[in-house]
Amino acid sequence: MPANNATVPQIQGIYETHLSVADLRISIPFYRDILGLELAAEFPERRIAFFWVNGKENAMLGLWETGTAPIRMRLHIAFRLSQDEMFRAPALLKSKGIDVRGFHGEPVSEPIVIGWVPALSLYFDDPDKHSIELLSVLDDEPDPAFGMRSYTEWKTRLSKHSPPRPTP
């Protein structure tokens, strides 16, 4: 964590981000019904929709319909979740027809761990093939050598490195 310095703002998270989408009629239900975001406002004449992410005081996502341009841009956004929600997310998303993946695109049934952070992580695509990530930072010590593997492997690694318990 950066030192408290009056000349540097202490950023706590992302408040607002925007994605270009091909069709708001497809994207609005995805973000509202699949991800559970609250539709804050829709401006059909401008082909824009805004969503609150965990309330208007926390974050906002804007979707901008681009039409049928031949060149597509693939963007990425990560949403912060609690650890409990991270463990529920794979089954919830799969029940809604979403293919959940690890960092390398491999199918997963549990979060992966990004060792250098460390953080729980899951990836999937929205209807426009933007990369969506769910992420929850762990309290464990970072391990860059771990790479990006399953949470089960992370916990197994931790138990192998735990110091022996003193005998009573």
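Remember, it's a predicted structure, so these values are computed and weren't measured experimentally.
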(message) With clusters defined by side-chain heavy atoms of hydrophobic residues (ILVMFWY) lying less than 4.5 Å apart, directly or transitively, does Leu92 cluster with Met86?
(response) no
(request) Check whether any side-chain N or O of Glu85 sits under 3.5 Å from a backbone N or O of Ser82 as a donor-acceptor pair, and report yes or no. (result) no
(request) Could you grab the distance from atom CG of Leu120 to atom OG of Ser136, nearest 0.5 Å is fine? (result) 5.5 Å
(message) With a 6.0 Å cut-off (strictly less than), is the heavy-atom count around CZ of Arg25, excluding the residue itself, greater than 12?
(response) no
(request) May I ask you to test the Leu93-Ile34 pair for a side-chain heavy-atom distance under 4.5 Å? (result) yes
(request) Sorted by first residue and then second, give each ring-ring contact (aromatic ring centres under 6.0 Å, His included) pair with at least one member in residues 21-47; sequence neighbours left out. (result) none
(request) Search all heavy atoms of Glu42 against all heavy atoms of Pro44 and return the closest pair with its distance. (result) O-CD, 3.4 Å
(message) Show the nearest heavy-atom pair for residues Pro142 and Val117, with the distance to one decimal.
(response) CG-O, 3.7 Å
(message) Is any side-chain heavy atom of Trp154 closer than 4.5 Å to one of Thr156?
(response) no
(message) Please say yes or no: joined through hydrophobic side-chain contacts below 4.5 Å, possibly via intermediate residues, are Leu37 and Ile26 part of one cluster?
(response) no
(message) Checking the side chain of Asp126 only, and the main-chain atoms of His130 only, is there a donor and an acceptor separated by less than 3.5 Å?
(response) yes
(request) Can you establish whether the number of heavy atoms outside Glu141 located under 6.0 Å from its atom CD is more than 12? (result) no
(request) Just grab all the side-chain hydrogen bond (donor to acceptor under 3.5 Å, both in side chains) pairs involving residues 90-105, residues at least two apart or on different chains. (result) Arg101-Asp125
(message) Does any part of the side chain of Tyr15, heavy atoms only, come nearer than 4.5 Å to the side chain of Met60, both counted from C-beta?
(response) yes
(request) Apply side-chain contact (heavy atoms from CB on, under 4.5 Å) to Glu110 and Thr152, showing your working. (result) CA-CA 8 Å; Glu110 67 175 341; Thr152 299; 2.8 Å; yes
(request) Answer whether the closest heavy-atom distance between the side chains of Ile132 and Tyr123 falls below 4.5 Å. (result) no
(request) Output yes when a side-chain donor or acceptor of Asn58 lies under 3.5 Å from a complementary backbone atom of Val53, and no otherwise. (result) yes
(request) Would you name the heavy atoms of Ile114 and Glu133 that are closest together and state the gap between them? (result) CD1-OE2, 3.9 Å
(request) Could you tell me whether the side chain of Phe124 reaches within less than 4.5 Å of the side chain of Leu134, counting heavy atoms only? (result) yes
(request) Might you point out which heavy atoms bring Asp23 and Asp128 nearest each other, and give the distance in Å? (result) N-OD1, 4.4 Å
(request) State, yes or no, whether a side-chain contact exists between Arg149 and Val113 at a heavy-atom distance under 4.5 Å. (result) no
(request) Identify the heavy atoms of Leu24 and Ile48 that sit nearest to each other, and give their distance. (result) CD1-N, 3.5 Å
(message) Holding to ring pair (Phe, Tyr, Trp, His ring centres under 6.0 Å), I want the full list of residues that pass it with Tyr151, two or more places apart in sequence or in another chain.
(response) Phe87
(message) Looking at Leu75, is its backbone amide N or carbonyl O close enough to the side chain of Ser131 to form a donor-acceptor pair, meaning the two atoms are under 3.5 Å apart?
(response) no
(request) For residues Gly62 and Phe50, report the shortest heavy-atom separation together with the two atoms involved. (result) CA-CD2, 3.7 Å
(request) Could you go through the side-chain contact (heavy atoms from CB on, under 4.5 Å) check for Arg88 and Leu81 one step at a time? (result) CA-CA 11 Å; Arg88 289 175 14 111; Leu81 267 64; over 6 Å; no
(message) Would Phe51 and Ile28 count as a side-chain contact (heavy atoms from CB on, under 4.5 Å) here? Give the steps.
(response) CA-CA 9 Å; Phe51 291 86; Ile28 288 173; 4.2 Å; yes
(message) If you apply the rule side-chain contact (heavy atoms from CB on, under 4.5 Å), what do you find for Arg80 with Leu135, and how did you get there?
(response) CA-CA 5 Å; Arg80 184 176 49 224; Leu135 187 134; 5.8 Å; no
(message) Taking the side chain as everything from C-beta on, heavy atoms only, tell me whether Val108 gets closer than 4.5 Å to Glu106.
(response) yes
(message) Would you say Leu138 ends up clustered with Phe103 if hydrophobic residues are merged whenever their side chains have heavy atoms under 4.5 Å apart, either directly or through other cluster members?
(response) yes
(request) Report yes if the side chains of His18 and Trp64 come closer than 4.5 Å at any heavy-atom pair, otherwise no. (result) yes
